[in-house]
Amino acid sequence: MLEVSGLRVSYGGINAVKGIDLAVRAGEMVTLIGANGAGKTTTLKALTGLIRPAAGSVRYNGAEMTGVALHRRIGMGIALVPEGRGIFPRLTVEENLGMGAYCRNDRDGIRGDCERVYALFPRLAERRSQTGGTLSGGEQQMLAIGRAMMSRPRLLLLDEPSMGLAPLMVQKIFETIRAIAADGVTILLVEQNAKLALEICQRGYVMESGEIILHDNAPNLLANPQVRRAYLGEPS
Amino acid sequence: MDIFLQQIINGLTLGSVYAIVALGYTMVYGIIQLINFAHGEVVMIGAMVAFTVIGWLAANTALPPLAIVLIGTIAAIPVCVAVGYALEVFAYRRLRHAPRLAPLITAIGASIVLQQIAMMIWSRNPLAFPQIIPNTVYAVGGATITLVQLAIIITSVAMMIGLTLVVYRTRLGVAMRAASQNAPIAGLMGVNVNGVIAATFMIGAALAAVAGVMVGTYYGIAHYTMGALLGLKAFCAAVLGGIGNLAGAMLGGMLLGIVEALGAGYIGDFTNNVFGSNYQDVFAFLVLIAVLVFRPSGLLGERIGERA
């Protein structure tokens, strides 16, 4: 579904991503783990068109994506839950969800999906006419995920959904991600919480200083001594 | 005659125009944090185009005055919209990610260019704006209101309501607000951000066109430099209300108009006629200074976290 080859991204002379290859097959849950500053977020931004890669190709269902305008991508079935949630702080919860469905024009379908999000996250239903900026971090994360689902994506990219959240909330968010995947949405999850990510995903890529240093199925990565030392907090 | 009430009426008239022009400043600022200093010139172009059309129609047809003014306005709107679009595309778009001083200087440059073009087309002399609307006067309390004043106030309020509905009730409006709060994420959601920014300029320019017709009709004069002071005052109004805030621009415009009118009405009395009503223009800038000193974010402006 998603094939990345030789992707390079640089910011003002600094190579943040140094030519990576990565693939996600339809129906898979894949995670990209790595330490802070490894280039994970930059990779996702390049995949979604938020930044222009310096070189390499990003193919989605066989079509080259690097030249496709940012606002046309969501209609192709790609949605991102961005780093830091990216909620519109002065739009209401309802309007934020509506923005997720901006690319659609089936009014009834949108209405129904909105209710589905509210059923999934009753907290959002309670706060539907509050502005996004007044929500707690966890609620904002729910809103960001709900908003991404409003476009009915086939490929969902998530950037650090556990960041800054209380453990209970993290659990809730990860359960939701698993449920979304069970509905047939392909998932690429970027996480610093490597253990959680590897537990729910089938495969994982490990990123370090802009390069992918390991790539295996999740159980193998969880058992890999190098991963355990570097990312799972095991004493060396 | 009740001077106080009279000056309030005059102030509301002027304030309506300021508010409409201020909306153009504040919408553009809200979405790309740019002060479009050429906006006053768009008002001037609107007045000039309307001047030409109204003058021609008044001389060559027997249409009723109201229809003539309406046609003049309808002719001015597309011209101003085109100018607003051109400003965005040619002057500002390339500088969207440049340091903030660059687009600001470009705006001043664009303003000079537009003035000079207008001077070449319509002459450097003040033009007598056709006064075709009958000077009907109505008594209100101890004061009077003219038909033109009434028309200006009603038209302005209608446009403010219309704009508010567009911004808060339409798909374009929600896209505008989303793009102003987080443009990249709005793009990710499928909003064509460049398109929305261009639409913002065009809406502001359409309002400016109507404002141009209103000032021209009110003062009975049009001149290629008329946009500069008007634009600057409307900018003061936008800052007074809190730049980036729609309701703020409306409130700021109205307040500024009233302050100016009352100031002009009473400055003679307060200064023993040392200063006369020709000092009217000073008040807008006094208000601007006061706002910047005491409440830099404006009356309705608030500094809330941009990134949630």
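A note on names: the letters A, B, ... follow the listed sequences, proteins ahead of strands, and every chain is numbered from 1.
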Top residue by heavy-atom pair count (under 4.5 Å) with chain A, among B:A175, B:G195, B:G190? B:G190

N/O donor-acceptor pair under 3.5 Å between B:R171 side chain and A:Y102 backbone: yes

For residues A:I74 and B:L188, determine if any side-chain heavy atom of one lies less than 4.5 Å from a side-chain heavy atom of the other. no

Kindly give the heavy-atom pair with the smallest separation between B:I185 and A:P82, and that separation in Å. CD1-CG, 3.5 Å

Contact part of A:L50 toward chain B, heavy-atom cut-off under 4.5 Å: side chain, backbone, both or neither? side chain

In the structure I gave you, are the side-chain heavy atoms of A:H71 and B:M189 within less than 4.5 Å of one another anywhere? no

Which heavy atom of A:L91 sits nearest a heavy atom of B:A178, and at what distance? CD1-CB, 4.0 Å

Let me know if A:T48 has heavy atoms under 4.5 Å from chain B in its side chain, its backbone, both or neither. both

Is it the case that more than 12 heavy atoms not belonging to A:Y11 sit under 6.0 Å from its OH atom? yes

Is a side-chain N or O of A:E95 found less than 3.5 angstrom from the main chain of B:V174, in a donor-acceptor match? no

Give a yes or no on whether B:K233 atom NZ has more than 12 heavy-atom contacts from other residues, nucleotides or ligands under 6.0 Å away. yes

How about B:V191 and A:M99: do any of their side-chain heavy atoms sit closer than 4.5 Å? yes

